[in-house]
Chemist: 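Sharing a structure here in structure tokens format.
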Protein chains: 2
Amino acid sequence: MMKITGFLATVPLFSGLTPAQYDELAMIATAQTVKKGQPIFAEGDQGNGFYVVGSGLVKIYKLSLEGKEQILHLFGPGEPFAEAAVFTGSSFPAHAMALEESRVFFFPRQAFIELIRQNPDLAMNMMAALSMRLKKFAHLIEDLSLKEVPGRLAAHLLFLSGQQGDADTVALPVSKTQLASLLGTIPETLSRMLAKLAKQGYIATSGPRITLLDRDGLSDLAGGEKRL
Amino acid sequence: MMKITGFLATVPLFSGLTPAQYDELAMIATAQTVKKGQPIFAEGDQGNGFYVVGSGLVKIYKLSLEGKEQILHLFGPGEPFAEAAVFTGSSFPAHAMALEESRVFFFPRQAFIELIRQNPDLAMNMMAALSMRLKKFAHLIEDLSLKEVPGRLAAHLLFLSGQQGDADTVALPVSKTQLASLLGTIPETLSRMLAKLAKQGYIATSGPRITLLDRDGLSDLAGGEKRL
DNA sequence: CGCTGCGTTGAGCTTCTTCAACGATCGTGG
DNA sequence: CCACGATCGTTGAAGAAGCTCAACGCAGCG
């Protein structure tokens with residue numbers, strides 16, 4: 001229990017709460033460990049609560065009838081997922097699976113709604129979290145609809161670099177197969193595009209580490225993303 | 001003013017509020033009329049509040065550098081838009097334009113946040129609204145990434161039929177050019193796909209009215225959407 | 001009555017996927 | 001500790017889907 005409240009204090013969604021409120025959260029939470037490749041829930045399952053990643057890495061994804069996969073989100077420690085199910089009250093609209101051995105905390109719907117009703121700060125945090133999700137989704141839609149694969153790839157590499165302290169060499173946090181699914185393509189195409197970008201001098205690849213050789217060029221490919 | 005509070009009572013986002021709260025909302029709201037084709041805001045504009053459609057039709061959309069458009073949402077009377085900007089506090093992530101002469105109400109950020117802090121019901125409504133948006137976006141992403149154009153078109157026709165009382169003949173609420181942009185394609189392709197579906201006996205077209213001749217067939221095309 | 005935007009159709013082409021084969025890597029069990 | 005199998009990543013060749021470019025009919029509106 002001590003450990004849980006300590007962890008909860010590090011979750012942005014729960015920032016600004018009082019110690020008593022953390023205790024309440026800890027009261028309603030249940031923990032579970034999921035092994036690599038193990039599902040957490042399936043599309044269509046009843047959404048009676050939401051989750052927070054304690055450790056590990058979780059993917060949220062859709063599957064087509066033919067088995068093609070589109071990853072909607074990757075979530076790491078401290079990030080909540082499936083919050084929307086709490087408020088729509090309906091079933092999960094996508095699948096969730098652990099990409100590594102992970103620990104996740106589950107917060108049941110009704111108890112959490114009580115908390116949120118009594119804590120305007122928690123409500124504000126939740127609205128901010130949902131709004132950020134919407135923004136990310138809008139970006140993904142833009143990528144899928146308006147950019148070609150090289151553009152999406154370039155944008156993602158720049159994103160990863162930013163996430164990793166603007167390092168020139170980034171480490172892919174997931175396998176290339178998963179990256180392809182995240183970018184809305186397939187491993188073969190991703191492999192070819194990486195080779196192409198390398199041949200054109202934009203990047204150098206070495207397994208799961210990619211060095212950005214021409215950030216401006218990548219930025220152009222990505223559709224003139226705003227420079228920071 | 002009387003008129004505004006009366007209208008606000010019909011907005012789902014504001015349901016369950018007291019008359020006094022409607023007055024407060026009416027106090028902070030400002031109305032504006034936008035003509036057909038006129039922008040309401042542009043991507044990157046400072047998002048200092050959100051809007052509710054009073055009458056007319058508004059599109060939220062992204063543009064690529066080459067000018068291709070992807071419509072994210074179409075909003076009619078009673079629907080809020082750009083709420084997310086209230087909580088991220090940053091700039092609008094997309095463009096908004098009136099597709100018909102429209103009346104929209106603007107709610108400034110700070111004043112609205114005050115209201116929402118004091119009204120758990122309003123907060124709950126807002127979280128439900130944001131969650132519904134997320135679900136719609138997840139669906140759009142699924143369509144763009146995992147379905148081909150005929151599938152998206154079939155799904156949309158069934159959606160329109162449902163929206164219009166399960167009528168067998170649906171009226172397109174927007175031009176075919178706009179519909180193409182909504183489906184993530186271009187007018188030429190949409191035109192060909194409509195012709196193809198008609199030739200295959202799924203539908204019959206007559207200008208902006210489309211008759212569904214084989215709902216089961218369309219449902220299969222759409223990827224086996226759940227029947228209602 | 002002309003003009004402009006919308007919708008349609010055709011031809012060619014780009015992009016991406018599919019299918020297939022193969023090398024490398026990694027975890028596991030013998 | 002090595003050998004094996006499964007998965008991952010890469011590459012090639014062929015094909016499908018949708019886009020670009022162009023032309024043209026049509027309707028609505030000034």
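As the structure is a computational prediction, the values presented were derived from the model and not from experiment. So that the names make sense, note that chain A is the first sequence line, chain B the second, and so on, each numbered from 1.
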Chemist: Where the side chain of S175(B) meets the backbone of Q178(B), is there a donor-acceptor pair that is under 3.5 Å apart?
Modeler: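 Pair found, side chain donor or acceptor close to backbone of Q178(B).
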Chemist: Report the distance from atom CG of L146(A) to atom P of dT15(C), rounded to the nearest whole Å.
Modeler: 16 Å
Chemist: Applying salt bridge (Lys or Arg N to Asp or Glu O under 4.0 Å) to E142(A) and K147(A), what does each step give before you reach the verdict?
Modeler: CA-CA 7 Å; E142(A) 178 181 14; K147(A) 291 178 186 166; 5.4 Å; no
Chemist: Where along nucleotides 24-30 of chain D does protein come under 4.0 Å, by heavy atom, of base (B) or sugar-phosphate alone (S), with - for untouched nucleotides?
Modeler: -------
Chemist: Just by modelled atom types, is the R103(B) backbone N or O under 3.5 Å from a matching donor or acceptor in the Q32(B) side chain?
Modeler: no
Chemist: Using atom CD of Q70(A) as one end and atom P of dT17(C) as the other, report the distance to the nearest whole Å.
Modeler: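 That distance rounds to 11 Å.
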Chemist: Within the 4.5 Å heavy-atom criterion, are F81(B) and F92(B) side-chain neighbours or not?
Modeler: no
Chemist: Any N/O pairs under 3.5 Å between the protein and nucleotides 5-7 of chain C? List them or say none.
Modeler:
| unit_1 | atom_1 | unit_2 | atom_2 | d |
| --- | --- | --- | --- | --- |
| dG7(C) | OP1 | K176(B) | N | 2.9 |
| dG7(C) | OP2 | T177(B) | N | 2.8 |
| dG7(C) | OP2 | T177(B) | OG1 | 2.5 |

Chemist: Sequence neighbours left out, cut at 3.5 Å: what donor-acceptor pairs do the side chains of residues 185-205 of chain B make with other protein atoms?
Modeler:
none

Chemist: Can you confirm whether or not the ring centre of F41(B) sits under 6.0 Å from the ring centre of F106(B)?
Modeler: no
Chemist: The criterion is salt bridge (charged side-chain N to carboxylate O under 4.0 Å, His left out); which residues satisfy it with R152(B), sequence neighbours excluded?
Modeler: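 For R152(B), no residue satisfies salt bridge (charged side-chain N to carboxylate O under 4.0 Å, His left out) once neighbours in sequence are set aside.
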Chemist: Tell me: NZ of K36(A) to P of dT7(D), nearest whole Å?
Modeler: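 K36(A) atom NZ is separated from dT7(D) atom P by 12 Å.
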Chemist: Closest heavy-atom contact between V11(A) and G78(A)?
Modeler: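 Heavy-atom minimum between the residues: CG1-O, 3.3 Å.
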Chemist: Detail all sub-3.5 Å separations between protein N/O atoms and N/O atoms belonging to nucleotides 16-19 of chain D.
Modeler:
| unit_1 | atom_1 | unit_2 | atom_2 | d |
| --- | --- | --- | --- | --- |
| dG18(D) | OP1 | V149(B) | N | 2.7 |
| dC19(D) | OP2 | T185(B) | OG1 | 2.7 |
| dC19(D) | OP2 | T189(B) | OG1 | 2.7 |

Chemist: Can you check whether Y51(A) reaches F75(A) side chain to side chain, under 4.5 Å on heavy atoms?
Modeler: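 In short, these two side chains do not touch, never coming nearer than 4.5 Å.
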Chemist: Please give me the minimum heavy-atom distance between L72(B) and A138(A), naming the atom from each residue.
Modeler: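 For L72(B) versus A138(A), the nearest heavy atoms are CD1-CB, 4.2 Å.
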Chemist: Just how far, in rounded Å, is C1' of dT11(D) from CG of L194(A)?
Modeler: 14 Å
Chemist: Find the distance E188(A):CD to dT17(C):C1' and express it as a whole number of Å.
Modeler: 8 Å
Chemist: Would you kindly give the CG-to-P distance between L183(A) and dC16(C), to the nearest whole Å?
Modeler: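 Those two atoms, CG and P, are 12 Å apart.
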Chemist: In whole Å, I'd like the distance from the CD atom of E69(A) to the C1' atom of dT7(D).
Modeler: 15 Å
Chemist: Counting only pairs under 3.5 Å, give me each side-chain donor-acceptor contact of residues 158-165 of chain B, with atom names and distances, residues two or more places apart or in other chains.
Modeler:
| unit_1 | atom_1 | unit_2 | atom_2 | d |
| --- | --- | --- | --- | --- |
| S161(B) | OG | A167(B) | O | 2.8 |
| S161(B) | OG | R215(B) | NH2 | 2.4 |
| Q164(B) | OE1 | A171(B) | N | 3.0 |
| Q164(B) | NE2 | A171(B) | O | 2.9 |

Chemist: Send over the distance from K35(A) NZ to dG27(C) P, rounded to a whole Å.
Modeler: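 One finds 16 Å between P of dG27(C) and NZ of K35(A), rounded.
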